[in-house]
Novice: 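Have a look at this one before I ask anything.
Within every chain, numbering begins at 1; the chains are lettered A, B, ... in the order of the sequence lines, protein sequences first and strands thereafter.
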Number of protein chains: 2
Amino acid sequence: MANMSGLGIEDTGPQLGRNLTYGMLDAIGRAIVVGDYDGATFPTEAELAKQHGVSRSVTREAVKMLTAKGLLSARPRQGTTVQPTTSWNLFDTDVLRWLLERQFSIDLLRQFNELRVAIEPEAAALAARVATVDDIERVNAGLKRMERAERGDDDALESDIAFHVAVLRASRNPFYAQFRDVVSTALRTSIRFTNRVKGRTANVADHAAVRDAIAGGNPEKARKAMRALISDVLELIDTAKPDGAAAGR
Amino acid sequence: MANMSGLGIEDTGPQLGRNLTYGMLDAIGRAIVVGDYDGATFPTEAELAKQHGVSRSVTREAVKMLTAKGLLSARPRQGTTVQPTTSWNLFDTDVLRWLLERQFSIDLLRQFNELRVAIEPEAAALAARVATVDDIERVNAGLKRMERAERGDDDALESDIAFHVAVLRASRNPFYAQFRDVVSTALRTSIRFTNRVKGRTANVADHAAVRDAIAGGNPEKARKAMRALISDVLELIDTAKPDGAAAGR
DNA sequence: AAATCACATTTATCTGATTTAAACGGCTTG
DNA sequence: CAAGCCGTTTAAATCAGATAAATGTGATTT
């Protein structure tokens, strides 16, 4: 990692920085999440600016954004410090991305899906009660895309995501809708994994059961159908790594 | 509200602004969430600075933080614009606070608890599988505080929060732990509401059932016990306002 | 030993200038 | 008339340098 510091070229990322501030946000954010500052003391504002070759205003704005996302905290005289991971805002799109970029981790994948197994079945149940015709139409559209994908006429992953996001939205609860990033991220990662382990794609029929339950206004059925979908992935993960962290009982 | 504008005293808030930037963050954030800029065009950087009597750097840093939280978006020539609520980061502590400060809304309270009913039972189930002895001890400590509170020797609300947060933490999944703010916020709001509707406090025995299931390593029981706890609140809310938004079916 | 004071360090704030991005309108051209 | 080109203009983005405020640290005083 240090051996390429003299190149003046970042291996990834510059395309994401629409401007200097966002570029710096991305660089520092990633560095923090990866753990580059773990033992070390975080540089001062002036040092950061010099290291990245930008002005102090750009630096301050990037640091302020990272503060807003819970990664940093700044105080006069004490300096800027990296916050413990417990205060990071894990539902922030950027934080999520940095988290995934650091490495593939079955642990993280499991945690993602442990969250999904709580959220999505309940979202489906809610949707079965309160979804509007438009909501249902969007869910249906996602399902149709999955069918097309099965015939090779659409992208399997993207249509899968479209379906799950549509269900979240159909719950008509903004907090559920908020999970679209987590779910799509989890799916993007899961699918590669499940394809690697087993040679199967997402089951369209199982997804149709969810759609039917929602359209039919049957919360219990919707919850169970969705839960089955995700439990399936979770079992796969637990098979690969039987015991996550059952410490000290 | 306008009749006290000449006093030079804010009814709430100045203590939250450790400095000018955070004060401005709070002021603008609240204004956005309350809806002050709904029809109107958002002021330019220079205008904002003048209106709040601070320099442009402070303004820019506050705006950048709000951008990081998903409330704003800025582009040259177009200016800074308020983002649709769908892109707000609802799990951010500040956003959550602003959301509640705007008014008491049964809708919001229901949405909170619809989320809780998904998260907390599953967290309890997870906890029953993977919690460490320390985790269980924390859950137990919360319960004991609730018992003391019943005798008037502790704060009922705070001990209730301590219990629920301990369970989230015991799930050993950082995503679940992240909900501590939502849950404590929801509880703070719920309790006032449930006390107003029914004259009862949180049931210690019902909470003990959750603790027992977690300590006993029984996921199914833990899930059900926790679910019962929250369903109770949800029913209360739905009684007060039978049909939230079952539009166009 | 405790309280106080001077100092050093780092973020916080202000000011004003310069640069860059992108929407707008008018113009030219096919 | 439609499509593409080009200055104009506006607002954010960036830079530079100075000053203020907060807060540990250590010396000094009582």
Novice: Separation of A/Tyr22 atom OH from D/dA12 atom P, in whole Å?
Specialist: 13 Å

Novice: If you compare every side-chain N and O of B/Thr21 against the phosphate oxygens of C/dT13 (OP1, OP2), does one of them come in below 4.0 Å?
Specialist: yes

Novice: Decide whether B/Arg110 and B/Asn113 meet the rule of one side-chain donor and one side-chain acceptor closer than 3.5 Å.
Specialist: no

Novice: Take atom NZ of B/Lys50 and atom C1' of C/dT15, then tell me their distance rounded to the nearest Å.
Specialist: 14 Å

Novice: Counting any heavy atom closer than 4.0 Å, what does B/Thr44 reach on the DNA or RNA strands: base, sugar-phosphate only, or nothing?
Specialist: sugar-phosphate

Novice: Give one of base, sugar-phosphate or nothing for A/Arg75, where a contact means two heavy atoms less than 4.0 Å apart.
Specialist: sugar-phosphate

Novice: With no angle test and no hydrogens, is the base of D/dA16 tied to the side chain of A/Arg56 by a donor-acceptor pair under 3.5 Å?
Specialist: no

Novice: Rounded to the Å, how far apart are B/Arg60 CZ and D/dA16 C1'?
Specialist: 15 Å

Novice: Rounded to the nearest Å, what distance is computed from the CG atom of residue A/Leu72 to the P atom of nucleotide C/dT10?
Specialist: 16 Å

Novice: Nearest-Å distance, CZ (A/Phe42) to C1' (C/dT11)?
Specialist: 13 Å

Novice: Between B/Ser159 and B/Asp154, is a side-chain hydrogen bond (donor to acceptor under 3.5 Å, both in side chains) present by the stated rule, with each step listed?
Specialist: CA-CA 7 Å; B/Ser159 47; B/Asp154 203 331; 5.2 Å; no

Novice: In whole angstrom, give the distance that lies between atom CG of B/Leu48 and atom P of C/dT13.
Specialist: 16 Å

Novice: Counting side-chain heavy atoms from CB outward, which of C/dT13, C/dA12, D/dA13 is closest to A/Pro76?
Specialist: C/dA12

Novice: Please state how far atom CD in B/Glu45 lies from atom C1' in C/dT20, giving the value in whole angstrom units.
Specialist: 14 Å

Novice: Could you walk me through whether A/Tyr22 and A/Asp26 pass the side chain to side chain contact (heavy atoms under 4.5 Å, CB included) test, one step at a time?
Specialist: CA-CA 6 Å; A/Tyr22 281 83; A/Asp26 199 59; over 6 Å; no

Novice: Has B/Thr80 got a side-chain N or O lying under 4.0 Å from the OP1 or OP2 atom of D/dA11?
Specialist: no

Novice: When the aromatic ring centroids of B/Phe91 and A/Phe179 are compared, is their separation below 6.0 Å?
Specialist: yes

Novice: Could you state the CZ-P distance from B/Arg18 to C/dT13, rounded to the nearest angstrom?
Specialist: 11 Å

Novice: For a quick test of reading the model: is some side-chain N or O of A/Lys64 closer than 4.0 Å to OP1 or OP2 of C/dA12?
Specialist: yes

Novice: Can B/Glu114 and A/Asn173 be said to form a side-chain hydrogen bond (donor to acceptor under 3.5 Å, both in side chains), step by step?
Specialist: CA-CA 8 Å; B/Glu114 279 175 358; A/Asn173 180 321; 2.8 Å; yes

Novice: Taking the nucleotide of DNA chain D with the closest heavy atom to each, which residue, A/Gln78 or A/Ser55, is nearer the 5' end?
Specialist: A/Ser55

Novice: Nearest to the B/Asn19 side chain among C/dA23, C/dT11, C/dT13, which nucleotide is it?
Specialist: C/dT13

Novice: Counting heavy atoms from C-beta on, name the nucleotide in D/dG24, D/dT9, D/dC15 closest to the side chain of A/Arg77.
Specialist: D/dG24

